[in-house]
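Hydrogens, waters and symmetry mates play no part in the numbers below; they use all other heavy atoms, side chains included. All ligand and atom numbering here is 1-based and tracks the order in the structure.
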Amino acid sequence: MSAPVRIERDGEVAVVTVDNPPVNALSHAVRAALLAAIEELDADAAVRAIVLIGAGRNFIAGADVREFDAPPREPMLPGVLARLEACGKPVVAALAGPTLGGGAEAALACHFRCAAADLQLGFPEVNLGLLPGAGGTVRLPRLAGWQPALEMMTSGKPVGRDAAIGHGIVDRPADGELRATAVEWARDLASRGVAPRRVRELPLPPSRPALFEEFLLSLPEAARRLPAPPRIVEALAAAAMLPFDAAQARARTLFFECLNSQESRALRHLFFAERGAQPDRALARPVAQAGVLGSGTMGAGIAIALATGGIGVTLVDAKAEALAAGLGRVHSAIEGAARKGRISAQAASAARERVQGAAALEAVAACDLVIEAVYENMAVKQEVFAKLGALCRPDSVLATNTSTLDVDAIAAASGRAADVVGMHFFSPANVMRLVEIVRGRESSRPALATAHAVARRIGKVAVTVGNCFGFVGNRMLYAYGREKEFMLLEGATPERIDRALVEFGMAMGPNAVGDLAGLDVGWQVRREWAGKPDDPRFYRISDRLAELGRYGQKTGRGFYRYGAPGGQREPDPEVEMLIRDEAARLGVAQREIGDEEIVGRCIFALVNEGAAILEEGIAASPADIDVIWCNGYGFPRHRGGPMFHADAVGLPKVLAAIRRFAADHGERWWTPAALLVTLAERESGFGAWQAARAEAAGRAT
Ligand code: 3H9
């Protein structure tokens, strides 16, 4: 293994390179070697200036997140950076690419900063439930001021080079070769005898005591209730009020409080889960041009995602009007993204040019990948796949975007099932990050790897799942939704259920989600569902509302009524009456239902179904389920996903609750999954089960 920190001499300038692939994280070895390098160079009379740079495509992406679960080891980052800042010779940071968290803090501890055009400098600690604990909270405001520091650290969003220069964080651009430019600058500083400019010695910008309180109150309530955002504000307030070292000591205490919080553990779990098991990238076939069949909301959303991700798109719809509307949607979404500054004007015009419309299926014959997003009906999809199988290139991958239909039955119709996979996007496909890659019985490894690689290339979180009704996400959604529908009949109002689950942390309540997605969508799926459970209570209220034409927001009425399309949601007494009538008709007694029962029944129904899904091998790991639920269904990230949450509650407690629900509401829906029972009886958890399986697999290979 090469040294994680290298020193090279260029005349009187020493270049210190952090070389810790893939992102130059500040692991223990890097911290120790960096400290040693600074000590050595500070003492070396032949060295008059130093450049700190990262090997590869970026400076330093932060502390090594993998080390956060172990006890801290000396030398710790704040001390290393204090030593770096104390260095008697000018130190120039040469910044490029992701310069994040502890990496940005290392840049601030240097005396001068230049940056390549691709710099992304930020403090994403908040996304891990943490705060910048290595001097960021005391140094950044001295350069950028309070407001940018508060915003950058509570949002976690990085800024580009121009903004970093505008905020005074970066001193100058480096448009030539980065290292050569930084060395040149360091040499010039040395020759002019310029002294180190230490950020800790800069005056603090003026502040008002109320500034921090006001800023905290401006954050969304959900953020204020988490451990990290209020502590970030508190650390910055301490920086305004206390001397440098005392303020840094306060930030350090707050950092450890965050680090030891359950919320941070959950967010760190998701960090790795989202970067988890991926198919062998080497098997993926190159994809330059994709066909998308169907130009409705889903097809157009997929086309936008592909085109903005750099892939050419042929959008096919036999109906000229529908095609024109789909292309219109694509163009306006791309323009909207440019207007909001999410992509540059140049990138927007390139993305627009990548999308062409076509009326005939034959237009996708030469595509590398075809994604079908036509009407959710087996006969229609089979007809499309029979044609695709015959006309597409033999090495093209054929994907269906079905959300519930049998991928094997669709694949069989193509006559080349090995090339067929599911690519289940979530609506709106250009916004939602999740894609379930569905592995059919005969899907080949290259076909799966290709679908996976495309999803990642366009910025999605892709999870491979097995083939069953609803795959992982929607199958679990049916368990969650089943309980909320039963509780509606039992007397909990739609808003009571939604409020309890939003209070738990769900992005939206299930009834509000139904109204947003359209109650006709699920109604249509259930009418086509051959194996639909025969319990008359099953989705009775949703179906009844859809039968009455109350489709949700788009018709102004659903579980709620809406002042105007997309307008304010209000409880609807008509719905409450309808529910009471249905309950009476089905003989369901109504009663008062508390928040604890609402949350327990909905969330543990999810967990139990998730455990069954694991047993059946439909999901490869509990972490995959967590990723699906946090990215596709608004499960609170700070709870880490349903399976991580179940471990945090304790599986014996979860099992006891499920057994209580079985006693009160019947075994039919509340038989605990065998895996859950086994793990609960051993007082173990899904995380430990997965770790043991990974270890056993490692031993077997
Ligand atoms: C912090 O710094 C606290 C400080 O205040 C100090 C306090 C004392 N550590 O995302 P990718 C791995 S908190 C360890 O697929 P991309 C990642 O797991 C930290 N590993 O690539 C993956 O491994 P594998 C603040 C890390 O090109 C590989 O690198 N910093 C770390 O799409 C590639 O990752 C952050 O939160 C890490 N810090 O995106 C930055 N970062 O190949 C987090 C990455 O085995 N990182 N890995 O699956 C990122 O945002 C993205 O990884 C980055 C690259 C933008 C850098």
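For a threshold of 3.5 Å applied to N or O pairs, the pair formed by Phe255 and ligand 1 contains no separation below that value. Close N/O approach between Gly133 and ligand 1 is found [any backbone or side-chain N/O within under 3.5 Å]. Not one N or O of Ala25 is nearer than 3.5 Å to an N or O of ligand 1, by distance alone. For ligand 1, the polar-atom distance check against Arg252 finds no nitrogen or oxygen pair separated by under 3.5 Å.
Centroid-to-centroid, the aromatic rings of Phe271 and His269 stay 6.0 Å apart or farther. In summary, the aromatic rings of Trp146 and Phe215 are positioned with their centroids too far apart to meet the 6.0 Å limit.
Contact annotation for Met76 and ligand 1: no heavy atom of the residue comes within less than 4.0 Å of the ligand. When non-hydrogen atoms are compared, ligand 1 lies under 4.0 Å from neither the backbone nor the side chain of Met153. When heavy-atom distances to ligand 1 are checked against a 4.0 Å cut-off, Val65 comes that close through both its backbone and its side chain. At a heavy-atom distance under 4.0 Å, no atom of Asn127 approaches ligand 1. In Phe123, neither the side chain nor the backbone holds a heavy atom less than 4.0 Å from any atom of ligand 1.
Residue-environment remark: CD (Glu177) exceeds the threshold of 12 foreign heavy atoms within 6.0 Å. For Arg224, the CZ atom is densely surrounded, since the number of other residues' heavy atoms within 6.0 Å is greater than 12. No more than 12 heavy atoms of other residues, nucleotides or ligands sit less than 6.0 Å from atom CZ of Arg66. No more than 12 heavy-atom neighbours from other residues, nucleotides or ligands sit within 6.0 angstrom of CZ on Arg73.
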Apply ring pair (Phe, Tyr, Trp, His ring centres under 6.0 Å) to the pair Phe686 and Phe644, showing each step before the final yes or no. CA-CA 7 Å; Phe686 294 113; Phe644 188 87; over 10 Å; no
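Between Glu8 and Arg179, at least one side-chain nitrogen of the basic residue sits less than 4.0 Å from a carboxylate oxygen of the acidic one, meeting the salt-bridge criterion. A salt bridge links Glu85 and Arg139; the closest N-O separation between the charged side-chain nitrogens and carboxylate oxygens is under 4.0 Å. Glu234 has a carboxylate O that lies under 4.0 Å from a charged side-chain N of Arg250, or vice versa, which qualifies the two as a salt bridge. Checked for salt-bridge contact, Asp118 and Arg161 miss the test: no charged N lies under 4.0 Å from a carboxylate O. A salt bridge does not link Arg265 with Asp69: every distance from a Lys NZ or Arg NE/NH1/NH2 to an Asp or Glu carboxylate oxygen is 4.0 Å or more. Ion pairing of Glu201 with Arg198 is present here, as a side-chain N (NZ or NE/NH1/NH2) and a carboxylate O approach within less than 4.0 Å. Classification of Asp626 and Arg637 as a salt-bridged pair fails, no side-chain N sitting under 4.0 Å from a carboxylate O.
Scanning the protein for heavy atoms near atom 40 (C) of ligand 1, the closest one is Ala61 O, 3.3 Å. Of the protein's heavy atoms, Phe271 CE1, 3.5 Å lies nearest to atom 43 (C) of ligand 1. Atom 41 (N) of ligand 1 has its closest protein heavy atom at Val23 CG2, 3.5 Å. Counting only heavy atoms of the protein, atom 50 (O) of ligand 1 lies nearest to Leu100 CD1, 3.8 Å. For atom 32 (O) of ligand 1, the closest non-hydrogen atom of the protein is Arg456 NH2, 4.9 Å.
Heavy-atom contacts of Glu125 reach the following atoms of ligand 1: 1 (C), 2 (O), 3 (C), 4 (C), 5 (O), 13 (S) (cutoff under 4.0 Å). Close approach to Leu128 involves these atoms of ligand 1, each under 4.0 Å from a residue heavy atom: 13 (S), 19 (C), 36 (O). Taking every heavy atom of Pro22 and a limit of under 4.0 angstrom, the matching atoms of ligand 1 come to 28 (C), 29 (O). Less than 4.0 angstrom separates some heavy atom of Glu105 from each of these atoms of ligand 1: 4 (C), 5 (O), 6 (C). Of all atoms in ligand 1, numbered sequentially from 1 with element shown, those under 4.0 Å from a heavy atom of Pro132 are 5 (O). Atoms of ligand 1 lying under 4.0 Å from at least one heavy atom of Asp64, given by number and element, are 9 (N), 14 (C).
The closest heavy-atom contact to atom 37 (C) of ligand 1, among the options Ala63, Pro21, Gly62, comes from Ala63. Looking at Arg268, Arg31, Arg57, Arg275 and measuring to atom 17 (C) of ligand 1, the nearest heavy atom belongs to Arg275. Counting heavy atoms only, Pro98 comes closest to atom 55 (C) of ligand 1 of the residues Gly135, Pro98, Pro124.
Inside a 4.0 Å radius of atom 21 (O) of ligand 1 there is not any protein heavy atom. The presence of a protein heavy atom under 4.0 Å from atom 11 (P) of ligand 1 is confirmed. Per-atom contact check: atom 45 (O) of ligand 1 does not touch the protein, criterion being a heavy-atom distance below 4.0 Å.
Remark: the backbone N or O of Phe59 is paired with a side-chain donor or acceptor of Asn24 at under 3.5 angstrom.
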